[in-house]
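Notes to accompany the following structure.
Not measured: the values here are computed from a predicted model. Chain letters run A, B, ... following the sequence lines, proteins first and then strands; every chain starts at 1.
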There are 2 protein chains.
Amino acid sequence: MAFARSGPVRSEAARRSILQAAAELLAERGYESLAIEQIAARAGVGKQTIYRWWPSKGAILAECLLEGTMLDGRLDLPDTGDIRADLRDWLGRIFALLERPEGEGLLRALIAAAADNAEVGRRLRDSLSGSESVSGRLARAAGTAPNLTPVAPFEEIAEALIGAVLLRALSRTPVEPGDADRLLDAILGR
Amino acid sequence: MAFARSGPVRSEAARRSILQAAAELLAERGYESLAIEQIAARAGVGKQTIYRWWPSKGAILAECLLEGTMLDGRLDLPDTGDIRADLRDWLGRIFALLERPEGEGLLRALIAAAADNAEVGRRLRDSLSGSESVSGRLARAAGTAPNLTPVAPFEEIAEALIGAVLLRALSRTPVEPGDADRLLDAILGR
């Protein structure tokens with residue numbers, strides 16, 4: 001992305017303000033009613049500045065995901081060497097997010113953005129687990145859980161785990177004690 | 001739902017026209033740009049007729065899901081007594097849907113509707129498998145697959161399976177040969 005018209009320092013500050021404003025407004029209002037005008041107003045830039053750099057609100061949100069402007073490390077998958085404990089910790093933080101209205105709203109808004117914008121869709125899965133993909137972590141843990149045999153379909157197991165979390169947000173299923181453990185039993189075996 | 005103002009026969013015809021128009025337009029245009037005006041125009045009714053019966057486009061789509069106006073039996077989970085074969089058949093039809101642009105668009109539009117409207121969200125999961133829930137079918141098949149022990153968390157296994165399908169639609173992952181079998185290996189064990 002080029003920032004030729006204004007100086008690079010000022011452009012970078014504006015770019016960060018825009019990403020921050022977009023992330024905040026998405027969490028507050030959801031995806032459908034999010035408008036470029038609102039993002040511009042909150043970021044203190046003109047609408048044309050935004051349109052010069054991004055073709056759509058979805059494109060801004062895709063960049064937010066890539067840069068960690070949203071979810072900002074809160075959902076990083078830890079690495080203690082114990083895959084079940086690490087996933088339980090990670091799921092616990094996701095479920096805690098789902099139990100707060102603004103957290104559930106943010107996750108549903110991200111799903112709506114992913115449904116509308118291909119780039120957000122491609123990035124959402126990886127953005128939920130931080131720097132390492134869930135499938136990569138599962139593959140490294142091969143042999144440590146009944147379903148994680150050395151030839152297990154790690155990509156599909158990761159899809160099932162992350163997909164279950166997204167479905168939970170979409171179906172408004174309340175989180176109950178033991179849910180994370182039951183989901184891990186389903187995914188890793190007992 | 002009461003249809004007091006006009007005769008019941010005429011109201012029922014209008015109601016069905018509205019549901020049909022909403023389902024068609026959702027598939028054609030996606031959720032975000034779907035508008036009550038368009039639904040009214042295609043159904044040949046006034047906008048006020050729609051607003052008298054439903055508070056929002058999401059509410060219309062929730063009723064479409066409940067009545068089977070969308071997906072109309074194409075995704076029914078068969079019951080041959082062989083759970084793996086039944087699920088492979090069902091996943092095969094979902095993946096075939098995802099491979100056609102209009103099918104993928106419809107599924108993503110439904111996900112966007114579910115993100116925005118709680119009732120659509122609650123119904124989407126069950127609507128994908130027809131008359132019997134996936135978890136109910138898994139429970140009936142207890143003992144027939146490595147992960148389907150009699151005390152398996154059937155609800156969570158079903159969530160993982162359906163969630164993986166939704167994530168597939170969101171992440172625009174192309175369907176490859178063997179995908180259904182790998183996902184079934186991940187969910188049912190090998």
Most contacts with chain B, counted as non-hydrogen pairs under 4.5 angstrom, among A:L183, A:L167, A:T149:
A:L167
Checking heavy atoms, do the side chain of B:R123, its backbone, both or neither come under 4.5 Å from chain A?
neither
Heavy-atom nearest pair, B:R182 first then A:P153, reads O-CG, 3.4 Å
Does B:R172 come within less than 4.0 Å of A:E119, counting only side-chain N to carboxylate O?
no
Quick check on A:V120 against chain B: is it the side chain, the backbone, both or neither that has a heavy atom closer than 4.5 Å?
neither
So, the part of B:N147 with a heavy atom under 4.5 Å from chain A: the answer is side chain
Name the member of B:A118, B:A109, B:A112, B:G105 that forms the most heavy-atom pairs with chain A at distances under 4.5 Å.
B:A118
Measure A:L166 against the heavy atoms of chain B and call it side chain, backbone, both or neither at under 4.5 Å.
side chain
Looking only at A:S171, A:A113, A:G189, the option with the highest number of non-hydrogen pairs under 4.5 Å against chain B is A:S171
Sub-3.5 Å donor-acceptor pair from the side chain of A:R125 to the main-chain atoms of B:R168, do we have one?
no
Under a 4.5 Å cutoff for heavy-atom pairs, which residue among B:A115, B:G163, B:P146 has the most contacts with chain A?
B:A115
Would a 4.5 Å heavy-atom cut-off, applied to side chains only, mark A:E159 and B:V165 as touching?
no
